[in-house]
Amino acid sequence: MSGSVNLPFGRTGVEIGEYRTLVDIDSATETLQQNGVQDAEMRIAGFVDSCPELLNWLESSGREFPWRYTQDPWTVYATEILLQRTRASAVESIFDEFFTRFPSAAAVEDQSEEELRNVIRSLGFVNHRTRSLQEAASLCLETSRGKPPCSLEKLKHPWRVGDYSARATLMFAFDDVQPLVDANFARILARVFGYDMPVQPHKSENVYELVSSLVPDEPGLARAFNLSMLDLGAIVCSPESPACHQCPINAACQFYQSS
DNA sequence: CTCCGGATGT
DNA sequence: ACATCAGGAG
């Protein structure tokens with residue numbers, strides 16, 4: 001049941017012809033046109049056709065964080081809370097200690113709150129995250145024997161577990177195809193398609209709709225696609241001074257073409 | 001829309 | 001000092 005996709009990155013090998021059948025090019029084009037982007041059809045096609053190479057880049061250059069090697073629902077759910085507005089490298093540095101002390105939702109209720117706060121202190125947002133993890137653990141123990149629920153609305157029940165974290169849990173723990181719109185993703189799309197980045201990228205309905213159409217409708221590829229955008233944003237397409245010369249999709253990027 | 005929270009990188 | 005980080009709430 002678990003392990004139906006290849007870890008850590010999912011499925012990274014696919015031909016362009018198959019990939020095209022798994023995304024909604026018409027819907028993506030329509031959404032992009034509503035943003036006032038010229039040549040929307042051509043730009044969407046260019047992006048989609050570059051995605052197989054993007055997945056190859058993930059396979060060779062992606063970040064192999066420990067949480068990418070498991071689909072254990074509690075581990076995925078708790079890790080998403082640890083990752084909120086926090087550098088992934090910071091979470092990596094406490095990952096082993098955290099899941100040694102809190103390998104299950106039950107462990108969070110068994111250990112003292114002070115113990116929990118000590119382990120996550122180096123991440124910041126300690127008050128927020130302590131309450132989130134306690135309520136998440138409680139939810140898991142109430143609803144399904146220590147496992148997080150596989151429903152979007154129920155996953156969002158704990159304090160400060162919102163749309164992104166809930167969808168990420170569905171995607172990475174339950175192989176449920178989801179669009180994961182974070183700040184990185186929005187920045188990349190703004191550059192690739194040449195429109196002004198929304199003030200709250202992860203809350204923009206327009207960006208969300210666009211990403212929904214561009215996520216391939218197959219769990220292994222959807223996992224790889226989402227991870228590739230996270231890593232591209234962190235490694236190559238950084239906020240300041242992006243390394244366009246080493247970007248696997250620069251041929252389809254308006255920012256690169258016009259610079 | 002605005003504001004929030006903390007360690008970390010620059 | 002200031003912006004950023006696998007966002008979220010009011």
Side-chain angles (χ1 to χ4, degrees), chain A residues 7-10 58 61-71 73 75-95 97-99 116-136 139 148 152-174 176-191 196-208 211 215 222-243:
Chain A
L7 300 181
F9 299 131
L58 178 71
S61 307
R63 301 174 294 175
E64 300 188 20
F65 294 122
W67 54 88
R68 294 184 174 183
Y69 284 92
T70 179
Q71 293 193 95
T75 304
V76 172
Y77 197 30
T79 298
E80 288 306 325
I81 292 172
L82 298 179
L83 283 166
Q84 286 175 357
R85 297 293 284 175
T86 304
R87 285 183 170 78
S89 57
V91 177
E92 186 176 27
S93 68
I94 69 153
F95 183 85
E97 184 182 0
F98 184 91
F99 285 103
L116 179 58
R117 301 177 81 94
N118 282 337
V119 176
I120 65 177
R121 183 167 13 104
S122 63
L123 302 181
F125 306 135
V126 179
N127 294 329
H128 282 338
R129 263 189 276 251
T130 297
R131 182 174 167 188
S132 287
L133 289 165
Q134 287 174 333
E135 293 190 9
L139 173 68
L152 180 62
E153 286 312 309
K154 289 180 180 175
L155 284 168
K156 288 163 69 172
H157 187 257
W159 170 250
R160 288 190 66 81
V161 175
D163 202 66
Y164 178 89
S165 303
R167 289 183 188 276
T169 302
L170 289 176
M171 177 74 252
F172 297 131
F174 298 116
D176 189 1
V177 173
Q178 294 287 338
L180 303 183
V181 184
D182 72 323
N184 286 325
F185 211 139
R187 179 176 64 253
I188 293 168
L189 292 178
R191 282 176 175 159
D196 293 332
M197 184 160 53
V199 180
Q200 295 94 3
H202 59 287
K203 299 178 77 171
S204 163
E205 271 307 316
N206 232 312
V207 174
Y208 179 83
V211 174
V215 176
R223 177 185 174 95
F225 177 71
N226 281 309
L227 290 177
S228 73
M229 295 304 257
L230 287 172
D231 284 1
L232 194 67
I235 299 171
V236 175
C237 195
S238 56
E240 71 292 346
S241 66

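Note on naming: letters A, B, ... go to the chains in the order of the sequence lines (proteins, then strands), and numbering restarts at 1 for each one.
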Rounded to the nearest angstrom, tell me the gap between atom [atom1] in [X] and atom [atom2] in [N].
X: Arg117(A); N: dG6(B); atom1: CZ; atom2: C1'; value: 13 Å
X: Arg131(A); N: dG6(B); atom1: CZ; atom2: P; value: 14 Å
X: Leu155(A); N: dA6(C); atom1: CG; atom2: C1'; value: 16 Å
X: Leu82(A); N: dC5(C); atom1: CG; atom2: C1'; value: 14 Å
X: Phe125(A); N: dC5(C); atom1: CZ; atom2: P; value: 12 Å
X: Phe185(A); N: dG7(C); atom1: CZ; atom2: C1'; value: 16 Å
X: Arg160(A); N: dG6(B); atom1: CZ; atom2: C1'; value: 12 Å
X: Arg129(A); N: dC4(B); atom1: CZ; atom2: P; value: 18 Å

Proximity of Tyr69(A) and Phe9(A) rings by center, below 6.0 Å
no
Heavy atoms only, 4.0 Å cut-off, all strands: where does [X] land among base, sugar-phosphate and nothing?
X: Arg167(A); result: nothing
X: Ser165(A); result: sugar-phosphate
X: Arg63(A); result: base
X: Ala168(A); result: nothing

Taking only the P atom of each, what is the distance from dC1(B) to dA6(C) in whole angstrom?
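It works out to 22 Å between them.
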Are Glu64(A) and Arg68(A) close enough for a salt bridge, meaning some N to O gap below 4.0 Å?
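No.
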Among the nucleotides dC5(C), dG7(C), dA6(C), which one has an atom lying closest to any side-chain atom of Glu80(A)?
dA6(C)
Could you work out which one of dA9(C), dA6(C), dC5(C) sits closest to the side chain of Arg187(A)?
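Among the listed nucleotides, the one closest to the side chain of Arg187(A) is dC5(C).
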Would you say [X] and [Y] make side-chain contact, with heavy atoms under 4.5 Å?
X: Leu133(A); Y: Trp159(A); result: no
X: Phe99(A); Y: Val119(A); result: no
X: Tyr208(A); Y: Asp163(A); result: yes

For a quick check under 3.5 Å, do Thr86(A) and Arg129(A) share a side-chain donor-acceptor pair by atom type?
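There is such a pair between these side chains.
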Look at the side-chain N and O atoms of Asn184(A) and state whether any lies under 4.0 Å from the OP1 or OP2 oxygen of dT4(C).
no
Arg85(A) or Val161(A): which one's nearest nucleotide on DNA chain C is closer to the 5' end?
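Residue closer to the 5' terminus by nearest nucleotide: Arg85(A).
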Taking for each residue the nucleotide of DNA chain C with the nearest heavy atom, is it Trp159(A) or Pro239(A) whose nucleotide lies nearer the 5' end?
Pro239(A)
Out of curiosity, Phe125(A) CZ to Ile81(A) CD1, how far, rounded to the nearest 0.5 Å?
14.0 Å
To the nearest 0.5 Å, what is the distance between CG (Asp231(A)) and OG (Ser61(A))?
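Asp231(A) CG to Ser61(A) OG: 9.0 Å, rounded to 0.5 Å.
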Tell me which residues in residues 230-237 of chain A put a heavy atom below 4.0 Å from DNA chain C, sorted by number, or none.
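Here the set is Leu230(A).
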Short heteroatom pairs, N/O only, protein and nucleotides 7-10 of chain B, under 3.5 Å:
{"unit_1": "dA7(B)", "atom_1": "O3'", "unit_2": "Ser122(A)", "atom_2": "O", "d": "3.1"}

Start with the C-alpha gap between Leu180(A) and Phe172(A), add the side-chain angles, then the distance that decides, and say whether side-chain contact (heavy atoms from CB on, under 4.5 Å) holds.
CA-CA 11 Å; Leu180(A) 303 183; Phe172(A) 297 131; 3.6 Å; yes
Given the rule in the side-chain contact (heavy atoms from CB on, under 4.5 Å) test, do Leu82(A) and Trp67(A) qualify, once you have shown the distances and angles that lead to the verdict?
CA-CA 11 Å; Leu82(A) 298 179; Trp67(A) 54 88; over 6 Å; no
